[in-house]
There are 2 protein chains.
Amino acid sequence: MLKKIKSFSVPTLRRLPLYLKIARREQSAGKLIISCSDIARECRLDPILVRKDIASTGVVGQARCGFPIDKLIEAVEIFLGWRGGKDAFLVGVGHLGAALLKYEKFQEHGLMIIAAFDIDKQKTKQKIGNIPVFLISKLPDLAKRMRVPIGIITVNADTAQDIADIMVDAGIKAIWNFAPIVLKVPESILVENVSLSASLGVLTSQLNRQKDSDE
Amino acid sequence: MLKKIKSFSVPTLRRLPLYLKIARREQSAGKLIISCSDIARECRLDPILVRKDIASTGVVGQARCGFPIDKLIEAVEIFLGWRGGKDAFLVGVGHLGAALLKYEKFQEHGLMIIAAFDIDKQKTKQKIGNIPVFLISKLPDLAKRMRVPIGIITVNADTAQDIADIMVDAGIKAIWNFAPIVLKVPESILVENVSLSASLGVLTSQLNRQKDSDE
DNA sequence: AATATATCGATATAAATATATCGATATATT
DNA sequence: AATATATCGATATATTTATATCGATATATT
């Protein structure tokens, strides 16, 4: 039976990790309760917005006090799918790919990069960040047998679509794409793009306009 | 005189670099004209949206044909502030910082990383991606003398605010922040955040919900 | 040459997102 | 104990963003 998937606002999903980070820090500092106003102040957001975001995770707060931090953290982690780690394969062991492999904190986000792949045989000779590197030809079999749900693409724009095709064939359900193209994949496959150009564009465009108005 | 800064939609600013990339590629392939429908098809967006985005750059098209690619590229580049490169300093030569220093294509985005900084003296001994690395204590003087407008923060969350303070004191106008915190800076300073957690949160959250509904 | 079609540009509508308002309630203060 | 205050939760409004509609126009087709 095809259930309608309740979709949540992407802006909300993008803010929640920040709230989580703050909540975890406050918990480490010994606090038991945290309010939306506290979080909003630190994020420079409207408390009402923070409250609505948090409400979508389903956690219930206490009037006048706030939310029990442990319950809040649990609710956000479950909501984001960060409880019970998900396996991922990374393809493209270049500068960026290697940096991601060496980043230790993805576990905090429930992401376990268990293997990396590249076309360059040289790169398969050593582990990076304790993660083994294989030839790309090994991906399909491994992905199918291990039922890996997430693929990370850190190859260049020219080869990204080919890698996406291989991932889809291998049964990967979600792609975290760092290449600056729009991947063509079946509708059922999730794609989340990280675009440095997009981010840089926002910055430099606004910087230009600000400068112009100063003169 | 304080002119009101005309602000453009951030979603539009985030899509324009993609259109630009496509336009450049088509130009290399010899095409002289490109239509919003062409771009929309490739980006999997509504042509009307693409047309509106492009309209905000001020370029004018030709009914039934599209936009002259050279004019379109020029307009988008100017709009994004990517004509006539901008200097930048990067602070934090860790895995990610080093990867950005080695990335050669920022020039296509009008960004020139002319120096990097770190607290670790060891790191100052060699260039990375042909960019020299200095001790962080050298930043203020260099930034002021060279009037560097952009600072890139690739340190960890604990030190990011300190680095931002140093950058602001040194006259930097815009910060490209890769650390997972909300920086506290004066209103006149632009901040653009790149948040891997946010991006990952969108992916894993949706992946979870999809899985739940399958069962 | 007349007609059809694709696209631009402008305007209008719809949908998504953010902000404001208000009552209820638990703690702090007088 | 009574009152004030901060915060939640729900509902309502405003703003932003995306989509739809329509006329004008340049090319392609008949």
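Residue numbers start from 1 in every chain, and the chains themselves are labelled A, B, ... in the order their sequence lines are given, proteins ahead of strands.
Taken from CD1 in A/Ile69 to CG in A/Leu32, the straight-line distance is 7.0 Å, to the nearest 0.5 Å.
Per the geometry, NZ belonging to B/Lys71 stands 18 Å off C1' belonging to C/dC8, to the nearest Å. One can place CD1 of B/Ile34 at 13 Å from C1' of C/dT7, the figure rounded to the nearest angstrom. If you measure from atom CD of A/Gln62 to atom C1' of C/dA24, you get 13 Å, rounded to the nearest angstrom. Between B/Arg14 atom CZ and D/dA18 atom C1' there is a gap of 17 Å when expressed in whole angstrom units. Between B/Ile39 atom CD1 and C/dT7 atom C1' the separation is 13 Å, expressed in whole Å. Rounded to whole Å, atom C1' of D/dT17 lies 9 Å from atom CG of B/Leu49. At whole-Å resolution of the value, CG in A/Leu13 and P in C/dA16 are 15 Å apart. As rounded to whole Å, 14 Å separates atom C1' of D/dT25 from atom CD1 of B/Ile33.
When distances are taken from the side chain of B/Cys65 to each of D/dT7, D/dT27, D/dT19, the shortest belongs to D/dT27. Of the candidate nucleotides C/dT7, D/dC8, C/dA18, D/dC8 has the atom nearest to the side chain of A/Arg51. With C/dT19, C/dC8, D/dC8 as the candidates, the nucleotide lying closest to the side chain of B/Cys36 is C/dC8. Taking every side-chain heavy atom of A/Ile48 into account, C/dT19 is the closest of C/dA26, C/dT19, D/dA24. Closest to the side chain of B/Lys52, from the set C/dT7, D/dA18, C/dA18, is D/dA18. The side chain of B/Ala63 approaches C/dT7 more closely than any other nucleotide in the set C/dT7, C/dT27, D/dT27.
For the pair B/Arg15 and D/dA18, the criterion of a side-chain N or O lying under 4.0 Å from OP1 or OP2 is met. A close approach under 4.0 Å does not occur between any side-chain nitrogen or oxygen of B/Arg64 and OP1 or OP2 of C/dC8. Distances shorter than 4.0 Å separate none of the side-chain N or O atoms of A/Ser9 from OP1 or OP2 on C/dA16. In terms of phosphate contacts, A/Ser35 brings a side-chain nitrogen or oxygen within less than 4.0 Å of OP1 or OP2 of D/dT7.
Take the nearest nucleotide of DNA chain C for A/Asp46 and for B/Val60: the residue whose nucleotide is more 5' is B/Val60.
With a cut-off of 3.5 Å on both pairing distances, the Watson-Crick or G-U wobble partner of C/dT30 is D/dA1. When Watson-Crick and G-U wobble pairs are counted only if both distances are under 3.5 Å, D/dA14 pairs with C/dT17. Base pairing of D/dA20 is made with C/dT11, judged by Watson-Crick or G-U wobble geometry with both donor-acceptor distances under 3.5 Å.
Between the side chains of B/Asn208 and A/Lys86, at least one donor N or O lies within less than 3.5 Å of an accepting N or O. B/Ser28 and B/Arg24 share no donor-acceptor pair across their side chains, judged by distance under 3.5 Å alone.
With respect to A/Lys21 and A/Glu26, no salt bridge is recorded, no charged nitrogen being found less than 4.0 Å from a carboxylate O.
Nucleic acid contact for B/Ser37: sugar-phosphate only, since backbone atoms but no base atoms lie under 4.0 Å from a heavy atom of the residue.
For the pair B/Arg51 and B/Phe67, the cation does not sit on the ring face, since its NZ or CZ is not both under 6.0 Å from the ring centre and inside 45° of the axis.
Residues A/Ile150 and A/Leu111 meet the side-chain proximity criterion, which asks for heavy atoms closer than 4.5 Å.
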